[in-house]
Structure formats: C-alpha cells, structure tokens
Amino acid sequence: MIRDARVLRAGFVPREVEHRDAEVNHLSSVLEPITNGEPADTAIVTGPSGAGKTCISQFVTERLREEVLNVETTYVNCWRNYTRFRTLYQILDDLGATIDIHRQSTPHDELVDRLQQHDGPRTVVILDEVDQLEDPSIIYDLHSLPQFAIICIANKEEELFSRVDDRLVSRLRSSEHVRMDKYHDEQLYDILSARAKWGLDEDVITDDQLYRIADAAAGDARLTIGILRTAAGKADRENHERITDDILLDAAEDARAQIKQKSLDSLTPHQRVVYDIVREHGPVGPSEIHERYSEDVDDPRTKRTIRTYLSKMEQYNLLEAEGTSRDREYSLVDSAAASPMQ
DNA sequence: AGTCCACAGGAACCGTAGGGAT
DNA sequence: ATCCCTACGGTTCCTGTGGACT
C-alpha cells in the first residue's frame, strides 16, 4: 500500500513546489546576492499554518545549495528552541562549532561572538516560528552579522513586530516580506494527489476522498498530508487494500488531535491545571482561574505567573482571550472550527 | 467626571541547578 | 570538596489601561 513513506512525512521537501511560484521566486531573489558571494537581506515569510512557509524556505535554500558551492543553511525551530541560548546553540551546532560549549557556564554573549568569528561560507539561517521566541533580540544579533542571511518565518507579522524593540522593527520593516495565503481546496487537492501518487500504490485512495481531505483541512497543507499519512498508516496496519471512508474519518480526527497534543505536551503540570480549568469552566476571567487553580494544586504560583502562563498558552494557540481589561476572559480555541469531514 | 479596581506585561530581583575551575 | 558563573523559573514591584460604579 505505501510505496514511499518519505513523501508523506511532515518535513518532506518536494522536488517541485506547487502553486507557490511567485513566492518561491520572490524569496529566491532576496537570497540572490549570495550567489555572488555578497550579503543578502533578511527575509520575512508570513502566513497561516500549513500555507507552505517552511516548505518553500527549505526548498529555496536547498536549490541555492545546488547552485552555489560555498553556502551553508541551517534550520532552527524556535518553538522547540525558544530560549536565546538554545537557538544560538542550534545554529552553532549546525556549523560544527559547539565542541567546547557547555550549557550553563558559557555566557550567551560568547555564543554571539562565536558566530561573529565564524568565517566559514555564507550561511542562510531559517528561523521557523520566530514569533515563539522568548527573547527575539537574537534576530538583532544575527541581523548585524553580514555572513548570515536570515529567513524569519512567522504566522502574523504584527505578532512578530509587537515583540521586538523599535530599532529592530524599523530594520525589519525594510526587509523583504513574502506573504502567503491559505491554499485553496483545488490547490490542496493537487498537492495531495501528487503525494499520493508518489507515496502510495495505485488505487489506494479515490479522487473523491482526496477532495474531502482537502475540504476538511481548511487550507492547511500540513494537516491534509497528516490526514493522508495517518489514514495510509492505519489502512496498512489493518491490512486493507485501500483506504476506506471509516479510516479516513478517524484519521482526520487523529491528525487534529495530534497537533493539539503536541502543544499540550509542552505544558508543565501547573500550566496543565490552568488549561484544564479553562477547558471546564471557560470562558472565565483570570481571577476565577487563579482561585480555582489555587484550590486544585499544592503550592500554587502567584497570579502574575498565571498571567504569564495564560499568555503563553494564547501564543501556542491553545487558548484565546477576549477583552482587554476587566472584561478579559479566556476560553479554549475551537479546534473543530475547521469543517469536519463528511 | 472622578474614583476604584482588575488586568496586562515590563523590570528588577532571588533561589536553585548544573557545569567548570581550582 | 569547594567556589564561582550563568541560565532559568519564579516572585515582587511597578506602571499604564480601561471597564464599572458612584
């Protein structure tokens, strides 16, 4: 049933990117100076999740590596490496310059110095989910180093700008900005059927089923491929010859649940209690949250800390907040808002 | 209009943990 | 074994904002 599992994986970068020619060309042109050994501008790539931001960034840098001998690329997921240290470490690690760096006793400034002294080939740094950085000043550090070209990937440009300081905002505003929209259902179908063609045996899934996946995912390519992967895996395990409608239905729910679980797993036990309170009692204000939380838990944290938790969970798209002041209330984000599969 | 109060979020500070140096 | 550094999570303190109530 599964011919090539690689093309169904989340991080797979296809040989051809569909329906993103303009964006690919735009981003390529920003990096163009590198082909002449000159420094390139910072690029900002924004768009909703599953719009192909990560995909085209990696596609473009890989193509650049094919064209130019003397260029490195490194990819950092800032959601997983949300501290300044981890991000810097990740970059240095990819450059092979971490041998004698130790977690605690090496000051952060030295990591930046280390980057500055790096006289290897020009390097394209992809900072994915850059709006999740705790301390975005690292963008500034990298920005000032001419041997590094940066691609910043974020959901919304405002959320990125609101978190960095003014001098960086003005610099970023003048950098090239690649905006991406959700895919249309037709485009999603094309992407899916290409993956199905390479990844699955023939006649494992019908066109009609592919359309339904595309329709259910509300423009999110990553989600569609996740659904396809989950469905194919399940059909394979259960020795079906083809993907049945029942399997597809389950897969759609599983794929959504997995995405959410990934965020949920990153919460501390205290944060989890707060999340559960909002889930059970929301929409609910911060005072009530803290009250209930204090009852549920030994050794409760302060209100201030709970506020930090709440805004963190808002960033992770686990919670949403309504109101700006005393009317502030938190509730769960409605993850079933995307149309369920028929 | 004026006061009050819950809220957001920045800044300074603190205790702890983990690693290096001696 | 001991001391020293630093990151990190948390707290305390603070300012600014804007509903709600008088």
Side-chain angles (χ1 to χ4, degrees), chain A residues 76-93 97-117 127 129-142 154-170 263-278 281-333:
Chain A
V76 185
N77 185 318
C78 301
W79 187 77
R80 269 200 293 280
N81 303 284
Y82 57 91
T83 64
R84 193 179 150 81
F85 180 87
R86 279 186 221 178
T87 307
L88 288 168
Y89 186 90
Q90 185 73 46
I91 296 168
L92 283 165
D93 198 33
T98 43
I99 321 104
D100 56 344
I101 291 178
H102 301 284
R103 193 178 150 265
Q104 299 286 341
S105 56
T106 310
H108 286 180
D109 288 349
E110 196 184 318
L111 298 198
V112 180
D113 286 347
R114 198 74 70 92
L115 278 177
Q116 199 158 14
Q117 283 155 22
L127 296 175
E129 306 195 55
V130 74
D131 44 352
Q132 296 296 334
L133 273 178
E134 230 168 43
D135 175 11
S137 68
I138 183 179
I139 304 172
Y140 194 83
D141 297 331
L142 288 171
N155 276 17
K156 289 185 189 146
E157 125 181 52
E158 313 89 69
E159 274 167 34
L160 173 58
F161 284 155
S162 68
R163 305 191 58 239
V164 302
D165 70 13
D166 295 344
R167 42 181 196 161
L168 186 51
V169 167
S170 61
S263 309
L264 243 34
D265 285 344
S266 71
L267 299 180
T268 67
H270 282 270
Q271 292 167 344
R272 189 55 198 261
V273 171
V274 172
Y275 175 83
D276 286 340
I277 286 167
V278 177
H281 302 99
V284 56
S287 298
E288 192 184 336
I289 292 174
H290 188 256
E291 238 169 73
R292 290 184 184 277
Y293 156 82
S294 301
E295 287 170 16
D296 283 3
V297 102
D298 298 330
D299 195 16
R301 309 276 188 258
T302 60
K303 282 189 161 191
R304 178 68 186 90
T305 303
I306 298 307
R307 282 210 298 277
T308 308
Y309 289 173
L310 287 167
S311 70
K312 185 178 168 189
M313 286 189 256
E314 199 188 342
Q315 290 245 329
Y316 281 11
N317 229 355
L318 289 169
L319 301 180
E320 56 192 0
E322 192 112 11
T324 57
S325 177
R326 294 188 63 148
D327 53 342
R328 184 87 154 182
E329 282 189 326
Y330 291 90
S331 49
L332 287 207
V333 312

Per-nucleotide protein contact string for nucleotides 16-22 of chain C, where B marks a base within reach and S marks sugar-phosphate only (heavy atoms under 4.0 Å, - for neither): -BBB---

Spacing of A:Ile138 atom CD1 relative to C:dA7 atom P, expressed in whole Å: 13 Å

Sequence-distant partners of A:Tyr316, ring pair (Phe, Tyr, Trp, His ring centres under 6.0 Å), two or more places apart: A:Trp79

Interatomic distance where NZ belongs to A:Lys303 and C1' belongs to C:dC14 [whole Å]: 16 Å

Distance, rounded to the nearest Å, where A:Arg86 contributes CZ and B:dG18 contributes P: 14 Å

Length of the line joining A:Tyr89:OH and C:dC8:C1', which is rounded to integer Å: 18 Å

A:Leu318 side chain near A:Leu332 side chain, heavy-atom distance below 4.5 Å: no

Relative orientation of the end axes in the helix from B:dA1-C:dT22 to B:dT22-C:dA1, expressed as an angle to the nearest 10° (five pairs per end): 10°

A:Thr305-A:Thr308 side chain donor-acceptor pair, cut-off 3.5 Å: no

Working for side-chain contact (heavy atoms from CB on, under 4.5 Å), residues A:Tyr309 and A:Met313: CA-CA 6 Å; A:Tyr309 289 173; A:Met313 286 189 256; 4.1 Å; yes

Partner set under side-chain contact (heavy atoms from CB on, under 4.5 Å) for A:Ser325, not counting sequence neighbours: A:Asp327

Atom pair distance, as rounded to whole Å: CG in A:Asp299 and C1' in C:dG9: 13 Å

Inter- and intrachain pairs under salt bridge (charged side-chain N to carboxylate O under 4.0 Å, His left out), touching residues 292-306 of chain A, at least two apart: A:Glu288-A:Arg292

side-chain contact (heavy atoms from CB on, under 4.5 Å) partners of A:Glu291, counting only residues at least two apart: none

Spacing between A:Leu267 atom CG and C:dG9 atom P, to the nearest angstrom: 14 Å

Contacting residues from residues 304-311 of chain A, given that a heavy atom lies under 4.0 angstrom of DNA chain C: A:Arg304, A:Thr305, A:Tyr309

Where at least one partner belongs to residues 263-273 of chain A, residue pairs that pass salt bridge (charged side-chain N to carboxylate O under 4.0 Å, His left out), sequence neighbours excluded: A:Arg272-A:Asp276

Residues that A:Tyr293 engages under side chain to side chain donor-acceptor pair (under 3.5 Å), provided they are two or more places apart: A:His270

Qualifying residues under salt bridge (Lys or Arg N to Asp or Glu O under 4.0 Å), relative to A:Arg307, sequence neighbours excluded: none

Rounded distance in Å - NE2 (A:His270) to P (C:dT11): 9 Å

A:Tyr330 side-chain N/O to B:dA8 phosphate OP1/OP2 under 4.0 Å: yes

A:Ser263: partners by side chain to side chain donor-acceptor pair (under 3.5 Å), with sequence neighbours left out: none

Phosphate contact (C:dG10 OP1 or OP2) by A:Arg301 side-chain N/O below 4.0 Å: yes

Rounded distance (Å) that lies between atom P of B:dC7 and atom CD of A:Glu329: 10 Å

